[in-house]
Amino acid sequence: QDSLPLTATSEAGVYTVHAELRLPTTEPLESRADPLLVSDVAPVVWQGTGSAAQVPVTLLVPLMLPGSVRTMPTAEQLREIAPRLRELLDAAEAAQATLAVDPRILAGVRVLGDGAPAAARDLLTRLEATERPVFLLQFADADPAAQAALGREALLTPLGLSYLQRDDAGDDAAGGAAERTAALTALPQAFPGAWPAAGDVDSATLALLRDAGLTSIVVDSDSVTSASGTRVQLDGLGALVTDTALEAGSRQALAAPSA
């Protein structure tokens, strides 16, 4: 504390501070045991950032079903989940965020048709009409990096969803399962992108996504070396590089209890 070089007259800005916690000792330097308990380095904002300029931040907002929904959502589950997803969509559009949507949401509402809750049908209508950049996650947010690590030569896709609709029982026999599934999970304005798990992207992941016809990928900054910005090219894929430290800080802030 006594040696902190920042004072009331120090210039405003962001400083790197190295802090150490040591045990007090009166032993001579040459004979004392190392009293260091812990040390760390952290950025400190002192009297503001020192700049009035704002740095634009691109937000990625995933719209997903909770982990408790392990298969396709029921009407009762959508009745509970859809209003919260609509609130999240409101906030995402207001922040001009890019959306990442679990296709199960689209398919779950469509297979129920008029039997879907009103809030779920409204959510589907809004997703179909949104003007924000949007891409579809893997079905149930399956991780492409894990699939590549397992040696998959093609991304996992549902075998068919016709079993959810009584009037489409003949689709599988007629060879229309893939087409029907594609129709249920489609979002016409979505660009072909993927969001693998953080820290697991490698050349095999990129090759798997490229072979599947995807053109964009979200990667964390820990997975990319020598990135000159937030948008780079990785083996033919356009990559949006997220800030790992900023993401961790945001998660911590969102999880913290309110004052």
Side-chain angles (χ1 to χ4, degrees), residues 60-79 81-82 84-86 88-89 92-93 97-148 152-197 205 208-218 237:
L60 290 171
V61 176
L63 295 174
M64 300 167 53
L65 298 173
S68 58
V69 181
R70 298 184 179 275
T71 56
M72 292 294 293
T74 64
E76 188 61 34
Q77 289 171 327
L78 286 172
R79 185 171 291 107
I81 297 166
R84 298 202 300 269
L85 289 177
R86 283 196 310 182
L88 182 58
L89 180 58
E93 290 185 332
T98 295
L99 308 175
V101 180
D102 182 350
R104 283 190 304 166
I105 298 173
L106 309 174
V109 179
R110 286 169 176 156
V111 295
L112 290 171
D114 292 339
R121 297 197 305 271
D122 179 66
L123 173 65
L124 175 63
T125 299
R126 294 210 25 213
L127 288 173
E128 291 173 336
T130 185
E131 296 181 355
R132 297 306 311 153
V134 57
F135 66 95
L136 297 178
L137 299 166
Q138 283 275 276
F139 200 84
D141 195 27
D143 180 18
Q147 297 173 52
R152 293 280 308 179
E153 296 182 356
L155 290 172
L156 293 170
T157 57
L159 295 177
L161 299 175
S162 61
Y163 70 95
L164 296 169
Q165 294 182 304
R166 296 175 183 174
D167 58 346
D168 289 331
D171 273 1
D172 289 340
E179 291 78 4
R180 182 61 178 165
T181 299
L184 290 172
T185 58
L187 201 57
Q189 77 274 35
F191 64 86
W195 193 348
T205 307
L208 180 63
L209 296 176
R210 195 170 54 248
D211 291 345
L214 302 184
T215 58
S216 302
I217 183 174
V218 178
L237 295 174

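Since the model is a prediction, treat every value here as computed from it, not as a measurement.
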Study note, to complete from the structure: For Asp143 and Pro196 the tightest heavy-atom approach is OD1-CA, 3.4 Å
**Study point:** pair Val109-Leu123: side-chain heavy atoms closer than 4.5 Å
**Key:** no
Practice item. Examine distances only and state if a side-chain atom of Asp102 and a backbone atom of Ala140 form a donor-acceptor pair shorter than 3.5 Å. Key: yes
Practice item. Mind jotting down which residue pairs meet the side-chain hydrogen bond (donor to acceptor under 3.5 Å, both in side chains) criterion with at least one end in residues 120-129? Sequence neighbours excluded, please. Key: Arg86-Asp122, Asp90-Arg126, Glu93-Arg126, Arg110-Glu128
Check your understanding: Do Leu63 and Val134 have side-chain heavy atoms sitting under 4.5 Å apart?
Key -> no
Point to revise | Any side-chain heavy-atom pair of Trp195 and Leu60 under 4.5 Å | key: yes
Review point. Could you give the distance from CE (Met72) to CD1 (Ile105), rounded to the nearest 0.5 Å?
Key: 10.0 Å
Review point. Looking at Pro73 and Gly108, what are the two nearest heavy atoms and their distance?
Key: CG-CA, 4.0 Å
Point to revise | Gap separating the CG atom of Leu106 from the CG atom of Leu124, nearest 0.5 angstrom | key: 6.5 Å
Review point. Of the non-hydrogen atoms in Ala82 and Ala119, which two are nearest, and what is the gap between them?
Key: CB-C, 3.8 Å
Review point. Between atom CG of Leu159 and atom OG1 of Thr181, what is the distance when rounded to the nearest 0.5 Å?
Key: 8.5 Å
Check your understanding: If only atom types and distance count, is the side chain of Gln77 paired as donor or acceptor with the main-chain N or O of Val69 below 3.5 Å?
Key -> no
Exercise for review: Please examine the side chains of Asp211 and Glu153, heavy atoms only from C-beta on, and report whether any two atoms are closer than 4.5 Å.
Suggested key: no
Exercise for review: Output the distance between atom CD1 (Ile217) and atom CZ (Arg210), rounded to the nearest 0.5 Å.
Suggested key: 10.5 Å
Practice item. Evaluate the side-chain proximity of Ser216 to Phe135: yes if any heavy-atom separation is below 4.5 Å, no if none is. Key: no
Review point. Is there a donor-acceptor pair under 3.5 Å between the side chain of Arg104 and the backbone N or O of Phe139?
Key: no
Check your understanding: What's the spacing between Leu65 CG and Arg70 CZ if we round to 0.5 Å?
Key -> 12.5 Å
Point to revise | From CZ (Arg132) to CG (Leu89), nearest 0.5 Å | key: 11.0 Å
Study note, to complete from the structure: Smallest heavy-atom separation, Pro144 atom then Leu208 atom, equals O-CD2, 3.8 Å
Review point. Any side-chain heavy atom of Arg84 within less than 4.5 Å of one from Leu88?
Key: no
**Study point:** Met64 versus Leu137, closest heavy-atom pair with distance
**Key:** CG-CD1, 3.8 Å
Check your understanding: For the residue pair Pro103 and Leu136, what are the closest heavy atoms and their distance?
Key -> CG-CB, 4.3 Å
Review point. Tell me, do Leu209 and Leu237 make a side-chain contact under 4.5 Å, heavy atoms counted?
Key: yes
